[in-house]
Engineer: 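This is the structure I want to talk about, given as structure tokens.
Computed from a predicted structure; not experimentally measured.
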Amino acid sequence: MAHHLHALPAPEDGWKMLLTKEVLRFWRVALQTIAAPVLTSVLYLLIFGHVMEGRVQVYPGVSYVAFLVPGLVMMSVLQNAFANSASSLVQSKIMGNLVFLLLTPLGAWHWFIAYVGAAILRGLMVGLGVYVVTLWYAPPQAAALGWIVVFAVLGAALMGVLGLLAGLWADKFDQMAVFQNFIVMPMTFLAGVFYSIHSLPPVWHTVSQFNPFFYMIDGLRYGFFGVSDVSPWFSFGVALASLLAVSALTLHLLKTGYKLRN
């Protein structure tokens, strides 16, 4: 009698198990994945705040130290969300344990939700940690709390997806570092973390307007102060469109098994 093998259907809650694994992965080394980025951002605040305080005022009635806080919070969110999903996938490739995930019946959406979900959680935890510590140096402000939440989650989600995309492309940490050092880091620092783009020369002002990271930082600043360089609704549209575009590409690559099954 012939026996036929049938693929098991993917469990609907399979993403929960993978999400739990990804969260535990960074939580077990929280000193490195959460505390260290918070310390780095606080050092930025102390150095730039000490040097520029009293010399620069971007928004009326807002001190330079207070102006720095939203930019540093979003920078921490973006960089750590990206690092989480990218490093996890590349590490699995290098150590050879990715094969155990490929043997499961989990689909592309399960992978996507788990990796991006863990990246969002880590990014928001680091961002919250940065904000809590900076309360010692700048009074808390929240002119529009809803926008703060929206842009923080959108920023973490976009970078979590971008990190997953980088992890699919890279086969080793050197390749991932190229992606991070030549794309993520420059776009983050040129997004207005430490300044308003209106203070830039015309050429760089125009270039900054094509940087989606700028709109996420500017939108978060609106949530804090109620003022920004561009409309928060326009920033929201740019951030959402960027997230949808990168997500569509990443899901397509996951479904085709790009650099996973070969």
Engineer: Could you tell me whether the side chain of F173 reaches within less than 4.5 Å of the side chain of Q91, counting heavy atoms only?
Structural biologist: yes

Engineer: Between S208 and L190, what is the shortest heavy-atom contact and its length?
Structural biologist: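 That closest heavy-atom pairing would be OG-O, 3.7 Å.
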
Engineer: Through direct or indirect side-chain contacts below 4.5 angstrom among Ile, Leu, Val, Met, Phe, Trp and Tyr, which residues connect to V132?
Structural biologist: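 Other cluster members: L128.
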
Engineer: Counting only heavy atoms not in F234, do more than 12 sit closer than 6.0 Å to its CZ atom?
Structural biologist: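 Incorrect, the count does not exceed 12.
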
Engineer: Backbone N or O of L253 within a donor-acceptor pair of the T256 side chain at under 3.5 Å?
Structural biologist: yes

Engineer: Do the non-hydrogen side-chain atoms of L78 and M216 ever get within less than 4.5 Å of each other?
Structural biologist: yes

Engineer: Contact between S247 and F112 at the side-chain level, heavy atoms closer than 4.5 Å - yes or no?
Structural biologist: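 S247 vs F112: side chains touch.
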
Engineer: Output, in order, the C-alpha distance, side-chain angles, deciding distance and verdict of side-chain contact (heavy atoms from CB on, under 4.5 Å) for M74 and F213.
Structural biologist: CA-CA 9 Å; M74 182 57 85; F213 294 6; over 6 Å; no

Engineer: Kindly write out the residues that satisfy side-chain hydrogen bond (donor to acceptor under 3.5 Å, both in side chains) with D218, not counting sequence neighbours, or none if the list is empty.
Structural biologist: none

Engineer: Using the ring centroid of each side chain, check whether F179 and F82 are separated by less than 6.0 Å.
Structural biologist: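 So the answer is yes for these two rings.
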
Engineer: Side chain to side chain donor-acceptor pair (under 3.5 Å): which pairs involve residues 118-140, sequence neighbours left out?
Structural biologist: N80-R122, N84-R122

Engineer: Is there a side-chain contact between Y115 and L18 in this structure, where contact means two heavy atoms from C-beta onward sitting under 4.5 Å apart?
Structural biologist: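 Yes, side chains in contact.
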
Engineer: Would you confirm whether T33, through its side chain, and F26, through its main-chain N or O, come within 3.5 Å as a donor-acceptor pair?
Structural biologist: yes

Engineer: More than 12 heavy atoms of other residues, nucleotides or ligands under 6.0 Å from NE2 of H205: yes or no?
Structural biologist: yes

Engineer: Verify, without hydrogens or angle tests, whether Q180 (side chain) and M176 (backbone) share a donor-acceptor contact under 3.5 angstrom.
Structural biologist: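 Checked: no pair found.
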
Engineer: Should we say atom CG of L31 is surrounded by more than 12 heavy atoms from elsewhere, each under 6.0 Å from it?
Structural biologist: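 No, because the 6.0 Å sphere around CG of L31 holds 12 heavy atoms or fewer from other groups.
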
Engineer: Among Y215, F225, W233, which residue meets the ring pair (Phe, Tyr, Trp, His ring centres under 6.0 Å) test with W147?
Structural biologist: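 It is W233; the other options fail the test.
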
Engineer: Is there a continuous path of hydrophobic side-chain contacts, each under 4.5 Å between heavy atoms, that joins F210 to L240?
Structural biologist: no

Engineer: Main chain of F100, side chain of T104: is a donor-acceptor contact present, judged purely on distance under 3.5 Å?
Structural biologist: no

Engineer: Provide the closest heavy-atom pair for W15 versus I113 in the form atom of the first, atom of the second, distance.
Structural biologist: CE3-CG2, 3.7 Å

Engineer: Can you see which heavy atom on A66 is nearest to which on Q141, and at what distance?
Structural biologist: CB-NE2, 3.9 Å

Engineer: Would you say that Q209 contacts V230 through its side chain, given a criterion of any heavy-atom pair below 4.5 Å between the two side chains?
Structural biologist: no

Engineer: Given side chains that start at C-beta, do those of S92 and R25 come closer than 4.5 Å, heavy atoms only?
Structural biologist: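 Of all side-chain heavy-atom pairs linking R25 with S92, none is under 4.5 Å.
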
Engineer: Taking all atoms of both residues into account, what is the closest heavy-atom pair of S88 and E22, and its distance?
Structural biologist: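 The pair with the smallest heavy-atom distance is OG-OE1, 2.6 Å.
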
Engineer: Please tell me whether V150 and L244 are part of a single hydrophobic cluster in this structure, the criterion being side-chain heavy atoms less than 4.5 Å apart.
Structural biologist: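 The answer is yes; both residues are in one hydrophobic cluster.
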
Engineer: Taking K93 for its side chain and L168 for its backbone only, find out whether a donor-acceptor pair lies under 3.5 Å.
Structural biologist: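 The answer is yes, because a donor-acceptor pair under 3.5 Å joins these two groups.
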
Engineer: Could you tell me which non-hydrogen atom of V90 sits nearest to which non-hydrogen atom of A170, and how far apart they are?
Structural biologist: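 Taking V90 first and A170 second, the nearest heavy atoms are CG2-CB, 4.0 Å.
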
Engineer: Begin from the C-alpha positions of F236 and F151 and carry the test side-chain contact (heavy atoms from CB on, under 4.5 Å) through to its verdict.
Structural biologist: CA-CA 7 Å; F236 172 74; F151 282 106; 4.1 Å; yes

Engineer: Please say which of L98, I94, L165, L101 ends up in a side chain to side chain contact (heavy atoms under 4.5 Å, CB included) with L89.
Structural biologist: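 Output: one option passes, namely L98.
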
Engineer: I'd like to know if V99 and Y258 are part of one continuous hydrophobic network [Ile/Leu/Val/Met/Phe/Trp/Tyr, side-chain heavy atoms within less than 4.5 Å].
Structural biologist: no

Engineer: Is there side-chain contact between M185 and Q79, with heavy atoms separated by less than 4.5 Å?
Structural biologist: yes

Engineer: What's the shortest heavy-atom distance between L260 and L102, and which atoms?
Structural biologist: O-CD1, 3.2 Å

Engineer: Backbone N or O of L164 within a donor-acceptor pair of the S85 side chain at under 3.5 Å?
Structural biologist: yes

Engineer: Are the side chain of S196 and the backbone N or O of G192 linked by a donor-acceptor pair below 3.5 Å?
Structural biologist: no

Engineer: State whether the side chain of K255 and the backbone N or O of T250 hold a donor-acceptor pair below 3.5 Å, judged by distance alone.
Structural biologist: no

Engineer: Do F194 and Y44 pass the ring pair (Phe, Tyr, Trp, His ring centres under 6.0 Å) test, and can you show the C-alpha distance, the side-chain angles, and the key distance before you say yes or no?
Structural biologist: CA-CA 10 Å; F194 304 102; Y44 277 125; 5.7 Å; yes

Engineer: State yes or no: do V29 and W27 share one hydrophobic cluster built from I, L, V, M, F, W and Y residues joined by side-chain heavy-atom distances below 4.5 Å, directly or via other members?
Structural biologist: no

Engineer: Would a hydrophobic clustering, with Ile, Leu, Val, Met, Phe, Trp and Tyr connected at side-chain separations under 4.5 Å, put W109 with L243?
Structural biologist: yes

Engineer: I'd like to check F224 versus L220 (side-chain heavy atoms, cut-off strictly below 4.5 Å). Are they in contact?
Structural biologist: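 Yes, at least one pair of side-chain atoms sits under 4.5 Å.
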
